[in-house]
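Data first, discussion second: the structure below is written as structure tokens.
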Amino acid sequence: MPPPNGRLGPGYLTDEEKKNKPKVTKALIKRIFSYLKPYRLQLVFVLAAILCSAVLTLLPSVLTGRIIDDGLIAKNMKALVFYILLSFGVTLVANLIGILESYLNTWIAQHITFDMRNSMYSHLQKMSMRFFTTNNQGDIITRMTSDISGVQQIITSTLTSIISNAVTLTVALVLMFSENWKLALVGIAVVPLFVIPTRSAGKRRWSITKDSQACSDEINGILNETLSVSGQLLVKQFGMEEREYDHYETVNRKMIGLNIKESMAGRWFRMALGTFTNIGPMLIYLVGGIIMMRFDKSITVGQISVLVALLGKMYMPVNQLLNIQVDWIRSMAMFTRIFEYYDMKPEIENAPDAVRPSSAEGEVEFRNVRFYYDPEREILHDISFTLSKGKCIAIVGPSGSGKSTLINLIPRLYDVIDGSVLFDGTDVRRLDLSFLRENIGIVSQETYLFNGTIRENLLYAKPDATEPELIEACKRANIYDFIEKQETGLDTVVGNRGLKLSGGEKQRISIARILLKDPALMIFDEATSALDSISEQKIQDAIEPLIATRTSILIAHRLSTILAADEILVIKDGEIAERGTHQELVGAGGVYTQLYETQFSKATEHIQPEFSYSEGES
Ligand code: ATP
């Protein structure tokens, strides 16, 4: 993350920033300006306001000269009052224009970031699962938040400060030279004296700030990891409280040291600033006085005062303009980072001639499907099978054999590398994506619930569902008894990621969610994690009637689910090693027999032996 464009220390790039300087091309600039284009009228106003306010802010400095020469020295009361009132009026108007300028500025910046955030969010929503699994979640959020906020900073601060400082400096120089060129030259000679010490004090402070920033990141990291629900669970399980405390204390101590150093560096900085802002004018008085007394009697006291006043106004602009290069590089880097995301093409998009059938049956066919995440390692090789309407296929196989990968290909979370997946006889790549996904319901292994109420989570599947519909779905998913027992019923809050609920309860809520969606094809990725036999039975009771009536695919780990399927596909190392019914496979002595002996029979000891495949089918 780029450091904030604060007043102190922004003039120095970090080593990383120096290494990764962005390439500034015409296309990049053009692209940045394309975001400003819709607001060009407002920008013209801002520009005009900046110009007026810069000029008007300098005028009182010139009027100081008139106050001294024409008022005080000439002992002319009328002129004195007039120039003082004029000064006052000009300052007032300059400030009013300043307010207008910052309003317009903020307005434009907010609107541009609003546009950018929306388009970035909508772009990210289109990105494929691969994007989200390969990119760090923190990075994605940083682009959405800090980087785009940085754009706002560029417009409200960097851009305006460049324009207003350049204008202020130019006008100040013109005024100085028109007042008296000799004194103006003295003034210019004094400027470096103002700037150099404060810059070196700033540099030191900046290097401490960088260290303390890194330290603060480290502290945040520790807090994030150890004070999260899962983190705490791990700490407690391994009895690491003390070690985590020691770690935290060490970093915290380092932070204190840096903070003290930083605050003292700030003190030195202010001292340098104070000394030179005080000494600078003295030097002008001295040199100006010498010129006035010895060489050029035409120079007036007022002129010297004007010069001192103008110099005072030049200090900040000079210092800030010296930082422009850094601001510029940083801004360009930020835009480059943002555009990098915009330029990532969504891997999975609607085909231009995508078809949207009027209804769906939920039939699926895999034709010689090959798939890999990484070309080095193929996950699925030559998978072919057909699932007809109303039937149920159970997929079984060792962990990591590619079962979840296989089902992810149906709703196009990923696209096949070779072969094809057909939905109702049409290649999924030719179907309208929203049609495809509307008609497929997945209950995944890891149930995700948003932090909200049970009702809100259910309505996600069908926003206009009525109360009786919600209750019916919950009853069928075998979760209604639980909901009824809660004080607030459907309005019970599920907690962060649904952590206030048990695994079994979450699964049943997600089944209810799918029932509300009512898709043509249901995919159920059975959780491998062991649930107790009662909650397992409840889930079982919820899904069995579904399987019996719907086109469905199950990744099954339990015998009862497997028995309820019409066909079993045994996947091993990305291939269909065996297929058939339970009875056909169980005695064959292959992978299925092994799985049966090691997993299924144990996992479902409570299942009655008389529950047979043929019963499940009827
Ligand atoms: P389990 O029963 O344990 O859920 P599975 O049979 O469903 O396993 P998959 O999740 O399909 O297995 O994974 C198959 C292989 O693909 C694994 O070796 C896994 O490491 C790899 N894999 C899964 N997802 C990704 C991904 N997003 N990127 C790269 N590799 C992945």
Side-chain angles (χ1 to χ4, degrees), residues 48-103 160-161 163-191 193-195 198 270 273-320:
I50 293 176
L51 284 172
C52 289
S53 117
V55 174
L56 291 180
T57 314
L58 290 175
L59 263 189
S61 307
V62 179
L63 291 174
T64 315
R66 303 289 94 80
I67 290 172
I68 294 173
D69 287 344
D70 302 351
L72 296 174
I73 295 179
K75 298 206 166 75
N76 181 340
M77 188 54 119
K78 226 170 122 190
L80 180 69
V81 174
F82 171 75
Y83 284 123
I84 287 175
L85 284 179
L86 188 60
S87 258
F88 177 73
V90 166
T91 311
L92 192 70
V93 173
N95 285 341
L96 287 177
I97 293 178
I99 291 175
L100 179 75
E101 181 226 309
S102 55
Y103 170 74
T160 25
S161 103
I163 301 172
S164 103
N165 289 329
V167 174
T168 308
L169 263 188
T170 320
V171 176
L173 283 174
V174 169
L175 289 174
M176 273 163 101
F177 277 95
S178 60
E179 202 67 31
N180 186 300
W181 68 267
K182 284 178 218 149
L183 285 178
L185 286 179
V186 175
I188 291 170
V190 168
V191 168
L193 285 179
F194 275 71
V195 172
T198 44
R270 279 199 296 279
L273 194 78
T275 312
F276 283 93
T277 37
N278 285 331
I279 286 181
M282 301 303 159
L283 281 175
I284 303 272
Y285 282 127
L286 179 68
V287 181
I290 293 171
I291 299 176
M292 182 176 82
M293 289 176 223
R294 296 274 157 87
F295 305 103
D296 186 352
K297 296 246 170 2
S298 71
I299 289 178
T300 65
V301 179
Q303 281 175 332
I304 296 176
S305 310
V306 170
L307 206 82
V308 168
L310 285 176
L311 257 188
K313 297 252 160 83
M314 277 172 75
Y315 166 73
M316 276 297 261
V318 169
N319 225 352
Q320 284 181 6

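The shown structure was predicted, so the numbers you read here are calculated from the model rather than taken from an experiment.
Residues that satisfy the salt bridge (Lys or Arg N to Asp or Glu O under 4.0 Å) test with E101, not counting sequence neighbours, are absent from this structure. When the side chain to side chain donor-acceptor pair (under 3.5 Å) test is applied to Q303, no partner is found at least two apart in sequence or on another chain. In terms of the side chain to side chain donor-acceptor pair (under 3.5 Å) criterion, residue partners of T300 (sequence neighbours excluded) are, by chain and number, D69. D70 meets the side chain to side chain donor-acceptor pair (under 3.5 Å) test with no other residue; sequence neighbours excluded. Partners of S61 under the side chain to side chain donor-acceptor pair (under 3.5 Å) rule, at least two apart in sequence or in another chain, are K313.
Atoms CG and CG, on L63 and L85 in that order, are 11.0 Å from each other to the nearest 0.5 Å. Atoms OG and CG, from S87 and L92 in turn, are 12.0 Å apart once rounded to the nearest 0.5 Å. Atom CG of L59 is separated from atom OG1 of T91 by 9.0 Å, given to the nearest 0.5 angstrom. With rounding to the nearest 0.5 Å, the separation of CZ in R66 from CG in L86 is 11.5 Å. For the atom pair L311 CG and I284 CD1, the distance stands at 4.0 Å (nearest 0.5 Å). Going from atom CD1 of I67 over to atom CG of N76 covers 12.5 Å, rounded to the nearest 0.5 Å.
Legend: salt bridge (Lys or Arg N to Asp or Glu O under 4.0 Å) pairs involving residues 296-307, not counting sequence neighbours, sorted by first then second residue: K182-D296.
Taking all atoms of both residues into account, the shortest heavy-atom contact from A49 to I97 is O-CG2, 3.4 Å. The minimum heavy-atom distance between L58 and A172, with the atom names listed, is CD1-N, 3.5 Å. Summarising the geometry of V308 relative to P281, their closest heavy-atom pair is CG1-CB, 3.6 Å, with the distance given to 0.1 Å. Minimum heavy-atom separation, A54 to S164: CB-O, 4.3 Å. Smallest separation of non-hydrogen atoms from I299 and L183: CG2-CD1, 3.8 Å. When every heavy atom of M176 is checked against every heavy atom of G187, the shortest pair comes out as CE-CA, 4.0 Å.
Between L307 and N180, the closest side-chain pair of non-hydrogen atoms is not below 4.5 Å. Using a 4.5 Å heavy-atom threshold, the side chains of I304 and I291 count as separate. The shortest distance between side-chain heavy atoms of Y83 and T64 does not fall below 4.5 Å. At least one side-chain heavy atom of T160 sits under 4.5 Å from a side-chain heavy atom of I50. Residues N165 and M316 form no side-chain contact, since every pair of their non-hydrogen atoms from C-beta on lies 4.5 Å or further apart.
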Evaluation steps, side-chain contact (heavy atoms from CB on, under 4.5 Å), between L173 and I188
CA-CA 9 Å; L173 283 174; I188 291 170; 3.9 Å; yes
